[in-house]
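Everything on this sheet refers to the single structure shown next.
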Protein chains: 2
Amino acid sequence: MPKRVDHEARRTEIAEALWRIAGTRGLDGVSLREVAAEADISLGRLQHYFRTKDEMLLFALRHINSLAERRIRERLGAPAAGPDRGEDQDRGEDQDPDPEQGPGPSPRVVLRACLAGMLPLDEKSRVGALVGAAYFARAVHDERLCEEAREGIPRLAEFFAALLRGAQERGELAAGRALDPYTEAMLLISLVDGLTTYTLLGVQTGEEALARLDAHLERLFADAG
Amino acid sequence: MPKRVDHEARRTEIAEALWRIAGTRGLDGVSLREVAAEADISLGRLQHYFRTKDEMLLFALRHINSLAERRIRERLGAPAAGPDRGEDQDRGEDQDPDPEQGPGPSPRVVLRACLAGMLPLDEKSRVGALVGAAYFARAVHDERLCEEAREGIPRLAEFFAALLRGAQERGELAAGRALDPYTEAMLLISLVDGLTTYTLLGVQTGEEALARLDAHLERLFADAG
DNA sequence: CGCTATCCAATACAGTTGACTTGGAAAGTG
DNA sequence: CACTTTCCAAGTCAACTGTATTGGATAGCG
């Protein structure tokens with residue numbers, strides 16, 4: 001056998017080039033030639049690693065999802081089950097007011113960090129959100145991409161629900177009425193998704209989005225007394 | 001002068017053909033020829049009414065937005081200021097538990113009707129949401145489309161905020177802490193947007209989305225006592 | 001050294017795209 | 001009846017699309 005190159009590494013390089021383009025021009029305006037140019041390789045080489053465009057798109061989506069998952073996990077020191085996103089993005093920023101602790105930070109802190117991490121607050125996470133939006137638009141008409149979301153989102157919701165249950169047990173949750181953790185988790189995810197949308201559209205600033213998220217969290221965790 | 005046809009009517013016909021396609025295939029896969037075929041006219045005729053593709057897209061967006069606004073207004077009997085959407089959709093269904101009343105239905109009922117009307121609960125509103133999603137994906141990279149959202153969404157938020165203020169004055173709002181009507185309005189819009197997203201992706205059913213929206217409303221309007 | 005499997009650059013190809021041009025039919029006005 | 005303006009069908013155009021093919025450079029194995 002000849003040269004033997006690292007296939008996965010090559011595919012990753014190409015996926016990152018795709019990411020760079022999708023963040024600025026969107027996903028549907030992306031041609032194979034453009035991706036090849038951005039990755040600084042020939043079209044022939046790109047086609048050697050991805051026989052079809054859809055194959056490339058799907059690989060790139062899974063790649064950014066796994067990156068997002070890893071980043072969240074690392075940031076939290078793997079406290080419980082693992083989150084994952086089906087089509088949105090996370091990023092790197094945000095404060096961690098209680099980093100040194102025995103059993104890790106409180107559920108509220110973890111939750112807030114995850115959710116804030118999903119908002120487009122800096123350039124990096126903004127590009128991530130743009131790519132996520134591009135994938136969403138495509139997924140709506142693509143059964144295979146839909147399936148990715150149908151797997152990832154419930155997983156993320158379960159993760160959040162577990163955090164909420166933890167807070168509930170500690171009595172940190174506003175519980176005038178008993179609220180359903182999974183429902184609240186999906187509400188949180190939907191909320192962040194919508195906040196991301198309107199931030200990307202320029203309807204609100206990232207700071208406003210974060211403040212609104214905090215307002216919701218504040219109500220959710222309102223001193224139960 | 002010759003034939004003199006109703007320009008606006010022709011353009012509307014074309015916009016509706018575009019809508020039909022965008023709801024099934026998305027917006028980026030739509031060519032002028034396809035729209036012309038769907039509208040059962042020649043490409044030449046289409047180009048006579050829209051000199052450029054972007055012109056057609058923008059007109060179609062404004063058209064569906066004005067339709068949505070009119071529908072909401074009619075459903076509510078024009079209680080206050082007028083709502084409008086920048087990129088999502090409403091539809092026709094939902095109950096109106098208190099249709100015959102002097103000053104109209106309560107703020108909560110109006111709010112719930114509007115929000116539920118924005119969710120993709122039947123085929124018609126589902127297509128509307130798909131078109132909205134397609135426009136969102138494009139708007140993110142198109143300054144002109146962005147501008148539409150930057151005008152429409154705050155208008156809708158103001159409308160909702162006014163409803164919330166009305167409820168607040170009646171003492172119908174959960175107000176352990178005083179909550180900011182505009183913030184809550186944007187939270188509601190974002191929430192519905194996210195719920196719409198995940199319903200379109202098949203992560204949840206329309207019924208589940210509605211139940212989750214109701215859970216949020218229930219908490220918002222919790223008996224302030 | 002051959003040999004062969006891998007890698008990949010170049011090119012070709014059939015199809016589609018948005019925009020433009022041309023030419024003439026229809027119809028109200030003078 | 002001209003005449004002019006609106007309307008619009010047909011065709012052209014260059015650009016670009018995803019995919020397929022061809023041919024050869026490279027390098028590990030026998």
Side-chain angles (χ1 to χ4, degrees), chain A residues 1-22 24-61 134-135 137-139 141-145, chain B residues 1-22 24-61 134-135 137-139 141-145:
Chain A
M1 291 122 192
K3 256 215 255 178
R4 85 212 160 96
V5 305
D6 185 344
H7 263 226
E8 205 63 14
R10 291 272 198 233
R11 288 162 76 99
T12 298
E13 280 173 28
I14 294 171
E16 280 166 3
L18 171 61
W19 161 293
R20 258 172 277 146
I21 297 178
T24 60
R25 257 170 296 174
L27 246 182
D28 291 280
V30 168
S31 69
L32 294 180
R33 276 163 249 260
E34 282 177 300
V35 175
E38 176 69 32
D40 200 37
I41 62 175
S42 74
L43 175 59
R45 181 153 153 184
L46 188 152
Q47 287 188 298
H48 182 70
Y49 291 105
F50 295 107
R51 245 178 310 201
T52 188
K53 187 181 185 178
D54 277 348
E55 193 182 320
M56 177 183 73
L57 256 28
L58 193 56
F59 176 88
L61 173 61
Y135 267 105
R138 182 168 272 254
H141 305 284
D142 183 327
E143 187 48 41
R144 258 219 310 260
L145 290 181
Chain B
M1 290 124 192
K3 256 214 253 177
R4 88 214 158 96
V5 305
D6 185 344
H7 262 226
E8 205 62 13
R10 291 272 198 234
R11 288 163 77 99
T12 298
E13 281 174 27
I14 295 170
E16 279 166 4
L18 171 61
W19 162 292
R20 258 171 277 145
I21 297 178
T24 61
R25 256 170 297 174
L27 245 183
D28 290 281
V30 169
S31 69
L32 293 180
R33 275 163 249 260
E34 281 177 300
V35 175
E38 176 68 33
D40 200 36
I41 61 176
S42 74
L43 175 59
R45 181 153 151 183
L46 189 153
Q47 288 189 303
H48 181 70
Y49 291 105
F50 295 107
R51 244 178 311 199
T52 188
K53 189 182 184 178
D54 277 349
E55 193 182 320
M56 177 183 72
L57 256 27
L58 193 57
F59 176 88
L61 173 61
Y135 268 105
R138 181 169 274 255
H141 305 284
D142 183 328
E143 188 48 42
R144 259 221 308 262
L145 290 181

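This is a predicted model, so every value here is computed, not measured. So you know, we letter chains A, B, ... as the sequences are listed, proteins then strands, and number each from 1.
- Between the side chain of B:Gln47 and the base of D:dC8, no donor-acceptor pair under 3.5 Å is found.
- Comparing atom distances between the A:Lys53 side chain and each of D:dT17, C:dA9, C:dA19 picks out D:dT17 as nearest.
- The interatomic distance linking A:His7 (NE2) with C:dA5 (C1') rounds to 12 Å, in whole Å.
- Nearest nucleotide to the side chain of B:Arg45, out of D:dA9, D:dG11, D:dT19: D:dA9.
- The nucleotide whose nearest atom lies closest to any side-chain atom of A:Ser42 is, among D:dC8, C:dT17, C:dA9, C:dA9.
- Phosphate contact (OP1/OP2 of C:dG18, side-chain N/O of B:Thr52, threshold under 4.0 Å): absent.
- The shortest heavy-atom contact between B:Tyr135 and B:Leu61 is OH-N, 3.3 Å.
- Between A:Tyr49 and the phosphate of C:dC7, there is no side-chain N or O to OP1/OP2 separation shorter than 4.0 Å.
- Checked against D:dT17, D:dC8, C:dA9, the side chain of A:Ser31 finds its nearest nucleotide in D:dT17.
- Each of C:dC8, D:dC8, D:dG18 was ranked by its minimum atom distance to the side chain of A:Arg10; first place goes to C:dC8.
- Taking the six-membered ring for Trp and thresholds of 30 and 60 degrees, A:His7 and A:His48 have ring planes more than 60 degrees apart, a perpendicular arrangement.
- Within the 4.0 angstrom heavy-atom criterion, only backbone atoms of the sugar-phosphate kind lie near A:Val30; the bases stay farther away.
- Distance from the side chain of A:Leu32 is smallest to D:dG18 among D:dG18, D:dC8, C:dA9.
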